[in-house]
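Since the model is a prediction, treat every value here as computed from it, not as a measurement. Note on naming: letters A, B, ... go to the chains in the order of the sequence lines (proteins, then strands), and numbering restarts at 1 for each one.
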2 protein chains.
Amino acid sequence: MAFEYEINPQAIEKDSFRQIRKLTELSHFDREQQQVVMRIVHSLGMPELAEQVRFSKNACESGMAALAEECEILCDVEMVRQGITKRMISRLPSCYLNDPRTVELAKETGETRSMAAVELWRESLAGSVVVIGNAPTALFRLLEMIEKGAGKPALIIGMPVGFVGAAESKQALWDVHEQLGIECITLLGRQGGSAVSAASCNALLRCNRGEYY
Amino acid sequence: MAFEYEINPQAIEKDSFRQIRKLTELSHFDREQQQVVMRIVHSLGMPELAEQVRFSKNACESGMAALAEECEILCDVEMVRQGITKRMISRLPSCYLNDPRTVELAKETGETRSMAAVELWRESLAGSVVVIGNAPTALFRLLEMIEKGAGKPALIIGMPVGFVGAAESKQALWDVHEQLGIECITLLGRQGGSAVSAASCNALLRCNRGEYY
């Protein structure tokens with residue numbers, strides 16, 4: 001029993017992105033968008049996901065500028081927070097899902113903890129980068145708050161996953177982003193998750209450091 | 001601008017699993033296997049993934065028994081560790097990816113940190129539940145260690161993701177598990193990740209509590 005496999009991390013990464021470039025339709029994306037799309041494809045092992053990615057007009061620029069200024073990064077779940085590469089940030093991302101105030105609020109209202117937690121983002125929203133990788137209700141609630149006048153994030157990475165509300169919440173984000181005047185990156189359809197959403201943020205952090213693949 | 005969406009967490013979960021049952025081919029899986037497959041489908045929003053899931057003969061039983069005894073849960077990356085539902089375990093999962101010994105060892109050998117970290121599992125392997133959601137090299141190294149006589153986990157949940165070695169490492173696990181005498185759950189092909197692997201472990205923890213969907 002002998003296994004042959006590459007053990008050098010740089011060689012693995014290089015070969016991964018070589019394969020992704022070969023297998024993924026990237027020609028209609030600009031340079032930074034390509035980096036985000038490749039990271040999404042990388043994190044789920046699915047080149048075909050590229051077709052479902054949408055960028056608002058200045059999404060990458062706005063997100064990169066905010067991240068360069070060490071903006072707040074607001075995450076819906078702990079797995080997303082864990083997925084943001086720590087060596088590229090000086091300020092830890094925030095997640096209020098397990099905050100006692102969130103638990104209390106969700107009990108009171110009977111709504112999901114994920115959407116209750118978004119209430120605790122209110123003071124930090126303006127100029128932030130929001131990364132939603134799990135909860136459709138968090139994305140819907142965020143859109144409602146912005147419509148009612150809450151501060152606008154520099155970028156919303158909205159990629160909840162699942163069968164109830166996920167596709168709908170991302171379509172809603174895409175449909176209303178111009179009207180609300182917000183920048184966003186989303187992955188239409190049911191697919192999404194903490195890995196793809198964190199990977200999208202990581203791609204922008206890498207662009208800021210000049211690490212292009 | 002008004003969004004209509006379900007905000008009740010129990011209703012969301014119930015409807016999710018109702019849809020998953022309807023959309024997923026589950027008939028050839030037994031009761032516990034179905035729970036695992038549904039959690040995998042749930043975590044990536046993809047019913048078609050059911051076709052790629054493989055269980056060794058006593059995988060669920062062996063994993064559930066070990067988890068019921070509060071066995072060690074060994075994770076390849078922090079996102080997997082974060083993904084194991086805390087309310088269902090009394091002992092936190094372990095991950096040595098950022099352990100100084102791992103960093104040192106990987107530097108010495110020029111191999112990935114993920115596979116270096118597996119060295120630190122050695123004393124805990126026997127009877128553990130191993131959850132690999134990211135690194136093919138970790139899975140290959142684990143198989144090599146077991147072949148050379150390291151302790152056997154009660155269950156290996158092997159679901160690394162990506163383009164270099166991921167599909168190969170899972171195929172290897174599936175091909176050699178009988179010969180090595182190990183129980184495993186895997187997701188063949190490129191897809192995988194921290195979400196599906198943690199979800200598989202969570203499904204078994206739920207079965208132990210009688211929480212079936």
Could you tell me whether [X] atom [atom1] has more than 12 heavy atoms of other residues or ligands within 6.0 Å of it?
| X | atom1 | answer |
| --- | --- | --- |
| B:E51 | CD | no |
| B:E4 | CD | no |
| A:E178 | CD | no |

About how many Å separate [atom2] of [Y] and [atom1] of [X], when rounded to the nearest 0.5 Å?
| X | Y | atom1 | atom2 | result |
| --- | --- | --- | --- | --- |
| A:T24 | B:F163 | OG1 | CZ | 6.0 Å |
| B:S114 | A:I7 | OG | CD1 | 12.5 Å |
| A:M79 | B:Q82 | CE | CD | 8.0 Å |
| B:E78 | A:K86 | CD | NZ | 8.5 Å |
| A:M46 | B:M46 | CE | CE | 3.5 Å |

Ring pair (Phe, Tyr, Trp, His ring centres under 6.0 Å) with A:F17: which residues, sequence neighbours excluded?
A:H42, A:Y213
Any residues in residues 197-205 of chain A near chain B, with a heavy-atom distance under 4.5 Å, and which are they?
none
Residue set satisfying salt bridge (Lys or Arg N to Asp or Glu O under 4.0 Å) with A:D99, at least two apart, ordered chain then number -> A:R101
By salt bridge (Lys or Arg N to Asp or Glu O under 4.0 Å) - contacts of B:E6 (at least two apart)
none
What orientation do B:F140 and A:F3 show, parallel under 30°, tilted 30 to 60°, or perpendicular over 60°?
tilted
Top residue by heavy-atom pair count (under 4.5 Å) with chain B, among A:V196, A:D15, A:N134?
A:D15
Structural part of A:V41 lying under 4.5 Å from a heavy atom of chain B
both
Which atoms of A:R141 approach chain B - backbone, side chain, both or neither, heavy atom under 4.5 Å:
both
What part of [X] gets closer than 4.5 Å to chain A, counting heavy atoms only: side chain, backbone, both or neither?
| X | answer |
| --- | --- |
| B:M115 | side chain |
| B:R18 | neither |
| B:Q179 | side chain |
| B:E168 | neither |

If you apply the rule side chain to side chain contact (heavy atoms under 4.5 Å, CB included), what do you find for A:K14 with B:V164, and how did you get there?
CA-CA 10 Å; A:K14 201 177 159 189; B:V164 178; over 6 Å; no
Who wins among B:A135, B:G165, B:P47, B:A2 for the most heavy-atom pairs under 4.5 Å with chain A?
B:P47
Which pair of heavy atoms, one from B:G110 and one from A:P9, lies closest together, and at what distance?
O-CD, 3.6 Å
Does some side-chain heavy atom of B:T137 sit less than 4.5 Å from a side-chain heavy atom of A:I12?
yes
